[in-house]
Structure formats: structure tokens, C-alpha cells
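Letters A, B, ... mirror the listed sequences (proteins, then strands); counts begin at 1.
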Protein chains: 2
Amino acid sequence: MAKPFDDLIDYCQSMATVSSIQSVLSWDQETYMPSDAIQFRSKQCSWLAKTAHDYWLSDRFKHILGACIDLSTQEILLDSLTFEQSRLVQELYKDWRKKTQLPTDFVGQYSALVAESTHVWQQAKEQNDYNLFEPYLAKLIDLSRQKASFIDSDRLTYDVLLDEFEPGMTVKRVEQLFADLKERGLPLLKRVQDLTLCYKPIQGPFNTQHQWLYTLDLLKNMGFDFKQGRQDRSSHPFTIDIHPSDVRVTTRLDKHLFFSGITSTVHEGGHGLYEQGLQKEFFGTPLAQAVSLGIHESQSRLWENHICKSLPFWQGQLAKIQSYFPTQFTDVSAYDLWKQVNKVEPGFIRVEADEISYLCHIMIRFECECKLFDGSLSTKDLPDFWNESYQTYLGISPSSDSEGVLQDIHWSSALFGYFPTYVIGSICAAQLYDHLESSLPHIDTLIESGNWLPIKDWLSTHIYKKGRLYESNDLIKSITGQDISSQFLLDYLDQKVDALYEDSVV
Amino acid sequence: MAKPFDDLIDYCQSMATVSSIQSVLSWDQETYMPSDAIQFRSKQCSWLAKTAHDYWLSDRFKHILGACIDLSTQEILLDSLTFEQSRLVQELYKDWRKKTQLPTDFVGQYSALVAESTHVWQQAKEQNDYNLFEPYLAKLIDLSRQKASFIDSDRLTYDVLLDEFEPGMTVKRVEQLFADLKERGLPLLKRVQDLTLCYKPIQGPFNTQHQWLYTLDLLKNMGFDFKQGRQDRSSHPFTIDIHPSDVRVTTRLDKHLFFSGITSTVHEGGHGLYEQGLQKEFFGTPLAQAVSLGIHESQSRLWENHICKSLPFWQGQLAKIQSYFPTQFTDVSAYDLWKQVNKVEPGFIRVEADEISYLCHIMIRFECECKLFDGSLSTKDLPDFWNESYQTYLGISPSSDSEGVLQDIHWSSALFGYFPTYVIGSICAAQLYDHLESSLPHIDTLIESGNWLPIKDWLSTHIYKKGRLYESNDLIKSITGQDISSQFLLDYLDQKVDALYEDSVV
């Protein structure tokens, strides 16, 4: 291999080593770190962040990268590269450009504002006072506009912001996808709201140590490798990738909630399998990185929604569940469990929403963001718009800003363009699962059997091993033969509702 | 404060941040890291080690340090420094000199040999074959000689090596201390071996979850701050200092061993209190670092031997122990527990040894090291010398090299001069405890009461808060009025043996 390319790989691996160390510290902070260590931990993290940033901005990296790709014309300068290697160089160039377009002063100003805003948002949420947060939100939007124009002043601001999380995605494409969702999804939600789900409810408490053991069992059966990863408990479930040989997921267990630990383990397990499945030999390069937030989320949601929330799953698991919880599941059927885990009930809180309501939560946020950035909505008017949208979409109105516009942390961290990736995840999961059904014909039997390794292997071949070889739409098209489309998700939800409410009382 | 001094502090804090990150990764590796992550973990650690090394060797640090102290004459260049600040600069200079005297090539060669030797030692121990390890030991000794001569070619090699772990200590001083131990300690051991300890033995198993809760309770009562630290389980108990606000100890629990978890928790707790008690405002500088390995060990042994292995401790704890283990302690007295935890029984293995035999294990290793370095013993003849020494000191001969000369990892890591610090720890612990008894008059009542905070506070004032203001002998002298002396340890052991065997059968 050409020396410049090897140098590039070496350099990337050093950079990735720094970020992997950041990941160990983040994991530690969320799981086991003593509470009073937080102040010093932020010093350790600042030092690592600065070191990582210096790696990106160094003249040495510019020189190494510039030997592989022309930094003005983006022309690949090495003849001998394979398609994969060229893609690696192109994606690295894009990453480098995003990092280096921002003046250092601006980065400092931006980080300081985010830190302060997150703090103020917490207070505002606690005190249920949007007015506290509003001026910060206005500044965050202003600085995000500046950020977008530093990165690419020729493109629509919101497109540049979206590109941070979902490379290649545009506001126009999201609007199309969401328009389809709205057209068929809202009537579906309306239909469900008029029906009553019939099932025998289960009764807690559910011993958390038994829940813990059962969630470990689930992860094992998904093919999560405990020699290259682990599960812990945390207040907000998450997945941290240190290296494909060290991937850590967390779950949240509550003795009164039976399904929450299971679905959160399976969800994070889906993320975890993706990270464990990346190619170790390309560690540190785009070829061993996830495509986008949307594709990452498609992996967690495929496992959570299409597998864990399917009837065959509960049919296959009931006996095992009865063995972990000998007294509480003697009188219930797999149907009862399946119906309960799929219960549709519009509420104010996104993270507690069912699959259908969830779409509305995201569409509302997307509309807010688009309007805030195209200037047609001011931050002052945001709560009214938010509340009216909830009425329109879900037929409910939040009684306070804390359970309304202030509920999520994202905006206080300037994560604009992030929310749509959640639904892109649901859309891609449904499209992939539809294709998976034809690729693995007896998938229901497979799910019921508890032998889920063929599913993991399929995902590994088609997604994990690809890294960032393709952007999300190209990846989905290369697998399913079609552009990303909302129709698969809508078909899936239609069928699920039909099945769930087959015996329902009108 | 003068700018050069402030710059020095800032620089030290950045350096210390890097090593604190190394500590987080080490802790993680020994506690929760998935097994297959080890290969990548070593890359993360190498990167951190190189970064830390670069900090020490940088021209910038030389410049900053050189503005505070003349790097040739060691004369302090700033007028305005207090005694503490001058000591800080002097100690930093010494550290810097040790690090920078070694040529980079040599450091690489040395690290590579240590890595290889540790691996070979493991194999040799498993296969009970000293001949496998012998050539590596010879090379390690040779390279350690070179190391010592790089650091200070005018001094005795073994003095330079000792200085790494116990600054200011010399082979001559250790010989004096050990000669006293030998003179009174060996007859004492002989006397004990002729006696039989009478007690009612306890019967396991002891639920490890209850052991765990009890050890947490002990740490809490010692004054270990769980907001600034934590305890976990590991196969070899250790203490890791990340920052005074983040100190982590581990313990080893075995359902068949009742005392092992308790003594290891109290031992590591002693180390942990020292680290939590260092002054946060001087973090990263010698004023917030432990004096030496010997003084560190004095803290763990003071708690383990003088407090946890005392009769008042068991008198005070019995009721609590009975509440944690309701069935197994109904028929035993505090005397029974106290006798069992103090049982003297010569064996081959250092880490399992009682307080008296322990001294012999170390004296033997010290004699071996002195002879290996003064050239009067060859590595080939080492096992014979080792086995003869065990016969002389303890009246037993190891039946294999694995339980003899190969038992400890230290030599494979080139830790020559390290072993004596364990006994210096015991010596200093006894001397400090003797002084503590007069400073806190009713100490037996205090120990029995379970309110150990006055002990921690006393140690905090006299030791923790001092950092490296004094070298070990000066520190002990400043507290007790005398140079370090073995007589306190010998007096303590004499009295303990008298009490333990008061009712013994000859």
C-alpha cells in the first residue's frame, strides 16, 4: 500500500485512541464514578477534548491527508486505491473539513454557550419556566446558523445541520418522508384511539435481580459478545463504543416496570451489535464507523420494535419468563404480554411514547426546528406553536412547559437536526425488516425459537461490515433495491394495529 | 505568586491529568473491562504513557522548571517562595531528573524487556521452571544496573534503586533496621512455633454478599468518603488514586474465608484514606503526593495490623458481625476471632503470611537483591540461596520454585528495591501507632466503639496533609521525635504474642 495511505491510517488510529479513552471516561462517569469526582472528571474530559481537537487541526494531519486527496478539488491523488479505500479518504476529508472550517474562537464560544445553556435548561425545566431558557435558545439558534455558514455558506442552514447527524440527508427529503407518515399515520393513530386493547394485565413488583439476569440472557441470545462488551445499569440507558472489542450497553431496571428493562436492553443491544460488528482492522477510520445516527437507530429499533415487540418473541419467551418470575406469569398468555408491550397511548413525553405516537413527537420537533431556522417562528412563540401542534397531532395539550417544549435536553446542547434521525431510524428499520423477511423466510419461527444469530449475521454482512462505505440512502438502496421510503413503516404499523385490535372492543 | 511558580503548578496539573486518566483505565482493566478488550487497552495505555513521558521530557517543562530552580546547582531562583513551595520545587526537580537522565532508547529497551520478562515469568511459574526465567532475570539486573548508573553513577546501585520507592533510604539504613528485626524477631518466631494457640474455630461458608456489606460498613466507619471513592471486587486487592476526589479500593471476597475480605478492605482502606486526604489544591504537585511506598504501606498496615487485628476491634465488632452472619457467630467470642486473625504459621507464600513470618519473607528477598546487585550471588545460584534462607529464617523449605523464588511478580517487572518498603511500612506503622496511643489516650476504647474518625483525623493532620514535604525518616521524626526504628514493631509483636498465647498450651 502507498505510504501516504498507511500514514493516514496510522494517524486516524492515534486520533481514535484518544476518543476511545474519552469513551471509557464517559462510561465510567455514567456508571460507577463517585459523585464528587465530577468536577475533576470535567478537567480530564476537557484535556482529552482539546487533545482530540488538536489532532484534527494539526498541520501534520493536513499534510498527511493532503497527500491522499487534493484539499481544494477533492480529487483522490493516489492511483492504487480500491473503492473502499477511496471512500475512506473521501469521508475523512469531509470530517476534516467540518472540523477545520470552524474558527477556534468560535468553537470556544459555542462550547461555553452550550455548557451554560444546558445548565439553564435544567433550571428552567425544574422551575417549569420557559422564559428562563428562551434567550439561550435564541442565542443557540443564532450560533448554530453561524456554524452552518462556516461549514457551507452555499447550502440551506438546516441542511448543513442535518448533515452532521445524517450525512446526505436534506430537509426536502425529510419533508417527503414525514408527509407520507402524516398522511397515513395520523388516521391510523385516530383509528387506534377509538379502540380498546383487550388483555390480562400483569402485576408487579418484578424482582430487579431476576430482570437483570433475564436481560443478560436476551443480550446473549442476540449474539452480543460478553468477551467484547458488557452491560451495566444507569439512569438513562446508552451504548458506548470504545473499540469493536469493547462495547458497553446499559439498561434501566425498575421493579414496578416489567417491559422497560427488556425493551431498553434489546434496544441498546441493537446499537451494541452494530458497534461490535464493525471491522476491527479498520478501527479509527470511516470504514469502521456507523453510517449515521439514523442507521444506528435503525439497528436498535429493528431489534426493539420488529423483534422484541413481535408476537413470536413473546410466544418463544413466555416459558423462560415464567422460570425467571415463577409466580407472576402463570395466568397470562404470550398474547397478553405482546399487547401490553405494544399498547398505543398518546402522551406528552417522547421517551415514553408508543411506536405510532413517537412519530408525532418527532414530526412536531422537526416542524419547530424548520420554522425556527427559516425565521417563520420566533423562540418567544415556540411554546404556543408546540402546544398547538400537540393538539393537532396527538389530540392533547401539555399542561406545562416542563412536559412540553422543555422536556428534551437536545436543544440546550444545540443538537438541531438530530431529532429527525430517530424517525429515519424507525423508517429504515421497517424497510430493512421487510427485506429481512424475504431473505430469512421463516423469520417468525426463528424469532420464536430464540435463536437470533442468523438475524445478527444478516445485519452484520449487510450493515455492520460496511462501515461508512455508503451514506444512508445508498446503503438502504443497496440492500433493499429502493430509496428510503416511509411506506414500509406504515404498512408494518397498519398490520400490527390490525392484529393487535383484532378482538378489540369498539 | 511569581509567574514562573504558577506556570509550574499549571504544567504539573496537566501532567497529573494525563496520569489520572491512566489510573481510570487501570482501574477499569482490573474491575470491569471485557476480557477481549485487553489488546486494545494496551494501545490506549501505551499512548497515554508516551504522552505522559513527553510531558516530562518537553523543552517547555525544562524551561518552566528552570525558571524556578537552577538545573545545575539546584539553587531555588525565586525569592518569594515559602518553605512548602521550595520543597515542591525541589521534589519536582528530583522527579524530573530521574525521568530525564534515562536516554529514550534505553527506556524503550527497558520497557520491552520488562514486558517480555513478565510474560516469561508467568510461564515459568506455571511450569515450575526457574531456568526459563533465569536468563531474563540476569538481563533485568543488568539493565537495572545501567538504569541506576544513568540516574546517579556516583552512588551505590542498590541505593539508587531503593530511592525510586523510598526516597532518602539507603541499603545501610535498611540493613540496620533489618538487623534489629532479625535479632529479636527470629527468637520470637521460634518461641511462637513452640506454642499452640487456643481458640474456637469458626465455620463457613460466609455469604459473600453479607461480607460485601460488612466491608462497606467498615470503610464507612474508617471515614472513607464514598462520595469521593468507591469499593469494588477484584482478584488482587488494590487502591487506585485518580484524584483526591476519586479514590478507588478493591477487596477480595471468598465464601470460605472470613478474615481475608475484612483485612484486605481495611488494608486498602488505609491506603485509600491517605489518597483522599491529600490536599486537592496542590493536586499534581509533590505536596499532594504520598511520601514513599513505605509510608503508604505504613498507613494500610496501621489500620490492618494495629486496629483491625487488635482485641478491642473484635470486641466492638462482634455484635455487628453476628447481625450480618446470624448463624455462624453465636458460639464464638471476640477472643476467638482475634486469635484466629492473628494466627502465626510460617508458610512459603509472602502474601498469605502472618505479621511475624512476613518480616522473614522480606528480609530474605532483601538479602537476595543485595547479593545479586553486589555480585556475590549469581542468578543461577539464586534458588539454592532462596531455599536455604527459608530454612534458616522460617525452618521450612519450598518444594518447588513456583512456591519459592518464582512466587512474586516484582522481579519480572524489574522492581528491585521495592520489597523492603513493605517492612519499612510495618516498622513505621508500629512507630506511628505507638505515638498515636499517647496522642489519643483512650485509643482502645475508641477502637472498640467503632468511632474511628479521631484516628483518621490524626493521620490526616500528621501525614495526609503533608504530602511530600518531608522524606520518610524526617516525617516520622517530626511526628514521633525519633528516627525510624524497628524497636516499636518488635515491642508491639512481643506484647501481642504474650497476649495471644497467655493461655496457650506448651
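Side chains of B:T250 and B:E30: no donor on one and acceptor on the other come within 3.5 Å. Checking A:D232 against A:Y32 by side-chain atom types alone, a donor-acceptor pair falls below 3.5 Å. Side-chain polar atoms of A:E275 and A:H296 form a donor-acceptor pair below 3.5 angstrom. Residues A:S58 and A:Y11 bring a donor and an acceptor atom of their side chains to less than 3.5 Å of each other. Inspection of the B:T251 and B:E268 side chains reveals no N or O donor paired with an N or O acceptor under 3.5 Å.
In this structure, B:T104 and B:L57 have side chains that are in contact, with non-hydrogen atoms separated by less than 4.5 Å. With contacts defined as side-chain heavy-atom distances shorter than 4.5 Å, the pair B:P4/B:I64 does not qualify.
Of residues 212-227 of chain B, those residues with a non-hydrogen atom less than 4.5 Å from any non-hydrogen atom of chain A are, in numerical order, B:F226, B:K227.
Interface remark: A:L48 contributes side-chain atoms only to the contact with chain B (heavy atom separation under 4.5 Å). In this structure, chain A has no heavy atom under 4.5 Å from any part of B:T31. Contacts of A:F283 with chain B are made by side-chain atoms alone, with heavy-atom separations under 4.5 Å and no backbone atom involved.
The existence of a salt bridge linking A:D254 and A:R252 is excluded, since no basic side-chain nitrogen approaches an acidic carboxylate oxygen closer than 4.0 Å. A salt bridge links A:D95 with A:R468; the closest basic N to acidic carboxylate O contact falls under 4.0 Å.
Counting heavy-atom pairs under 4.5 Å between each of A:T51, A:D36, A:V18 and chain B puts A:D36 at the top. In terms of heavy-atom pairs under 4.5 angstrom with chain A, the leader among B:V247, B:D28, B:I38 is B:D28. Most heavy-atom pairs under 4.5 Å with chain B: of the set A:K43, A:K280, A:Q13, A:M33, this distinction falls to A:M33.
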